[in-house]
Protein chains: 2
Amino acid sequence: MKISNTVEWAIHCCTLLAGLPKGVNLSAKDLAEYHGVPHPYLAKALQTLSNDGIVKTISGPKGGYQLAKEPNNVSLLDIVLSIEGSDSCFECEEIRQQGPTALKRSASYKRPCLIAAAMWKAENVWRSELDKTKLSHLIEQVIIEADPRQMKKSQDWIEKRTP
Amino acid sequence: MKISNTVEWAIHCCTLLAGLPKGVNLSAKDLAEYHGVPHPYLAKALQTLSNDGIVKTISGPKGGYQLAKEPNNVSLLDIVLSIEGSDSCFECEEIRQQGPTALKRSASYKRPCLIAAAMWKAENVWRSELDKTKLSHLIEQVIIEADPRQMKKSQDWIEKRTP
DNA sequence: TTATTGCAGATAAAATTTATCCGTGATAAG
DNA sequence: CTTATCACGGATAAATTTTATCTGCAATAA
């Protein structure tokens, strides 16, 4: 039960894109360099985000990515589900219907297994908590908490690639 | 981000053990047969549960497993953490400290990354929800919901192996 | 037209999960 | 006190998933 670190990359990328001025975009290579992660693999994650309508693609030279929605309309859950897929992390194998004591074709198996129900409920709670954090919240907090020198450095770096 | 199905097996086994009369135990082979799952692999899971003090081992012939605690004192979280390990499912790589715009040795990195903090908070919510469901709750509900024929069949099967 | 960028699909390498086996120690029963 | 049954730890093997890269194609700005 481990979340891929591409999820972390994707969230950082989306947060960076969310802070960009309107109309400005960054390429996959830029994003990879900025975060110090391998470009080809990050590109895959960005393609997935693009397919799921979280980022918008600009083709051609000077192309790249922008956030496709308003930052207050993209949550951590959106990104996690895009990268990891939206399947439940707990899959019920219905083992209560296996083994020598199970009944054949019993109506009692129409209700979901109690164990699965409890696992799914916990996952829903997790998802709804993740959905509360929007990219706009992260940006606001970063502005408050981050070192001003870091902010400056970051802005300068972005301006160099986006004339 | 997928939970191993051995977690499902482990929960089912613990629930079954929790419903056993005091002093009665079931072997790994019995538990595997009852649930229709491979014996050697289930045995590994049971060993893990034993190491973590969730089940109690009875050695020798007619040996096997009992629940080590009261059913109202074992939660789904206990079992999940035992089988899956207690590491967080989200690992922060501190990628904010990588790349060309990061600062060296900045005090601003002493606070946890906001993204990691949000992910961890969601995981804590998930864990605390799982911790609410105790084996005793599952048993109570099963008694209410389950098909009486299934219950009978199950009891007969257990009595055959535990004179 | 050319160079740059994203995209889909194929492929390869690495890591993890899943599953089994064997030798050892414990112990109940004969 | 011998034997058969059981859990345990470690080693190992098979299968699957994750991670990572590459290639040819489409789009487009200069």
Side-chain angles (χ1 to χ4, degrees), chain A residues 1-10 13 17 23-33 35-66 68 82-85 87 89-91 93 95 161-163, chain B residues 1-10 13 17 23-33 35-68 80 82-85 87 89-91 93 95 161-163:
Chain A
M1 195 195 40
K2 204 177 139 267
I3 290 180
S4 162
N5 49 9
T6 56
V7 168
E8 186 183 2
W9 304 351
C13 286
L17 293 178
V24 171
N25 65 77
L26 285 174
S27 73
K29 217 166 83 182
D30 290 338
L31 288 166
E33 189 189 332
H35 292 111
V37 301
H39 160 234
Y41 193 40
L42 176 64
K44 277 292 173 201
L46 291 166
Q47 282 169 31
T48 304
L49 292 171
S50 171
N51 277 326
D52 290 335
I54 293 172
V55 299
K56 185 165 49 180
T57 288
I58 317 286
S59 256
K62 293 286 165 187
Y65 297 96
Q66 297 173 4
S82 173
I83 301 293
E84 292 273 324
D87 286 353
C89 67
F90 181 85
E91 199 165 342
E93 280 189 324
I95 73 174
R161 353 235 122 194
T162 58
Chain B
M1 195 195 41
K2 204 177 140 268
I3 290 180
S4 161
N5 51 7
T6 58
V7 168
E8 185 182 3
W9 304 351
C13 286
L17 293 176
V24 171
N25 65 77
L26 286 174
S27 73
K29 216 165 84 181
D30 289 338
L31 288 166
E33 187 188 333
H35 292 111
V37 301
H39 160 235
Y41 193 40
L42 176 64
K44 278 291 175 203
L46 291 166
Q47 283 169 33
T48 305
L49 292 171
S50 172
N51 278 327
D52 291 334
I54 293 171
V55 299
K56 186 164 49 180
T57 288
I58 317 287
S59 257
K62 294 284 164 187
Y65 297 95
Q66 295 173 5
L67 203 65
V80 169
S82 173
I83 301 292
E84 292 274 322
D87 286 352
C89 67
F90 181 85
E91 199 165 343
E93 280 189 326
I95 74 174
R161 353 235 123 192
T162 58

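Residue numbers start from 1 in every chain, and the chains themselves are labelled A, B, ... in the order their sequence lines are given, proteins ahead of strands.
A:N5 has its CG atom 18 Å from the P atom of D:dT17, to the nearest Å. In this structure, A:K2 atom NZ and D:dT19 atom C1' are separated by 10 Å, rounded to whole Å. Atoms CD (A:E8) and C1' (D:dT18) sit 16 Å apart, rounded to a whole Å.
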Exercise. Evaluate side-chain contact (heavy atoms from CB on, under 4.5 Å) for B:L49 paired with B:I83, printing each intermediate quantity in order.
Key: CA-CA 7 Å; B:L49 292 171; B:I83 301 292; 4.1 Å; yes
Exercise. Would you sort out whether B:Y65 and B:I58 count as a side-chain contact (heavy atoms from CB on, under 4.5 Å), showing the intermediate values?
Key: CA-CA 6 Å; B:Y65 297 95; B:I58 317 287; over 6 Å; no
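Side chain of A:E91 to main chain of B:N5: no donor-acceptor pair is present (N/O by atom type, distance under 3.5 Å, no hydrogens or angles). Side-chain atoms of A:E93 do not come within 3.5 Å of backbone N or O of B:E8 as any donor-acceptor pair.
Qualifying side chain to side chain donor-acceptor pair (under 3.5 Å) partners for A:T48, counting only residues two or more places apart in sequence or in other chains: none.
Here A:L26 contributes atom CG and A:K62 contributes atom NZ; the two are 11.0 Å apart, rounded to the nearest 0.5 Å.
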Listing time: all N or O pairs from protein to nucleotides 5-9 of chain D that are below 3.5 Å?
| unit_1 | atom_1 | unit_2 | atom_2 | d |
| --- | --- | --- | --- | --- |
| D:dT5 | O2 | B:P61 | N | 3.3 |
| D:dC6 | O4' | B:G60 | O | 3.4 |
| D:dA7 | OP1 | B:A28 | N | 2.7 |
| D:dA7 | O3' | B:T57 | OG1 | 3.2 |
| D:dC8 | OP1 | B:S50 | OG | 3.0 |
| D:dC8 | OP1 | B:T57 | OG1 | 2.3 |
| D:dC8 | OP2 | B:Y65 | OH | 2.5 |
| D:dG9 | N7 | B:K44 | NZ | 3.4 |
| D:dG9 | N7 | B:Q47 | OE1 | 3.3 |

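Taking all atoms of both residues into account, the shortest heavy-atom contact from B:C89 to A:M1 is CB-O, 3.2 Å.
First and last contacting nucleotides of DNA chain C toward chain B (any atom under 4.0 angstrom from a heavy atom, 5' to 3' order): C:dT18 to C:dA28.
Residues B:L17 and B:L31 have side chains in contact (heavy-atom distance under 4.5 Å, counting atoms from C-beta outward).
Within 4.0 Å of A:P38, counting heavy atoms only, lie sugar-phosphate atoms of the nucleic acid but no base atom. Residue B:S4 is classed as a sugar-phosphate contact, given heavy-atom separations below 4.0 Å to backbone atoms only.
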